[in-house]
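Just so it is clear, the model here is predicted, and its values are computed rather than measured. One is the number of the first residue; the rest follow in order along the sequence.
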Amino acid sequence: MSSRKSSRSRQSGSSRISDDQISDLVTKLQHLIPELRRRRSDKMSASKVLQETCNYIRNLHREVDDLSDRLSGFLASTDDNSAEAAIIRSLLDY
């Protein structure tokens with residue numbers, strides 16, 4: 001038994017997550033991330049899946065920031081009382 005595995009088995013408590021549960025969660029993540037879903041390989045290390053997941057989340061944050069900036073710019077160029085301005089304000093209030 002590896003030292004990592006044996007150290008896990010020595011730790012007690014119901015809050016511990018099993019290796020099978022970790023594997024299941026990594027597989028679910030792999031199916032959620034578009035870049036990982038497109039790959040044909042079923043075997044991918046958990047660290048690679050987590051790394052790709054972090055990259056995906058960072059990209060989503062950048063996209064949200066970019067869209068927010070674009071909406072703010074558009075809002076600044078519209079009439080404050082227009083229907084478009086009201087829609088944009090509602091989108092920016094999250």
Side chains of [X] and [Y]: closer than 4.5 Å at any heavy-atom pair?
| X | Y | answer |
| --- | --- | --- |
| I33 | N55 | no |
| Q30 | R37 | no |
| Q51 | C54 | no |

Nearest 0.5 Å, please: how far is [atom2] in [Y] from [atom1] in [X]?
| X | Y | atom1 | atom2 | value |
| --- | --- | --- | --- | --- |
| R58 | T53 | CZ | OG1 | 10.5 Å |
| D19 | D24 | CG | CG | 12.5 Å |
| D20 | L25 | CG | CG | 11.0 Å |

Atom of A85, atom of D80 and distance for their closest heavy-atom approach =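 That closest heavy-atom pairing would be CB-O, 3.7 Å.
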Check side chain to side chain donor-acceptor pair (under 3.5 Å) between E35 and all other residues, then give those that pass, not counting sequence neighbours.
->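 Applying side chain to side chain donor-acceptor pair (under 3.5 Å) to E35 gives R38.
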Excluding sequence neighbours, so at least two apart, what forms side chain to side chain donor-acceptor pair (under 3.5 Å) with Q21?
->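 Scan of Q21 (side chain to side chain donor-acceptor pair (under 3.5 Å), adjacent residues dropped) gives S18.
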With clusters defined by side-chain heavy atoms of hydrophobic residues (ILVMFWY) lying less than 4.5 Å apart, directly or transitively, does [Y] cluster with [X]?
| X | Y | result |
| --- | --- | --- |
| M44 | L32 | no |
| L67 | Y56 | no |
| I57 | L50 | no |
| V26 | I17 | yes |

Salt bridge (charged side-chain N to carboxylate O under 4.0 Å, His left out) partners of D66, counting only residues at least two apart |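 D66: salt bridge (charged side-chain N to carboxylate O under 4.0 Å, His left out) contacts with R70.
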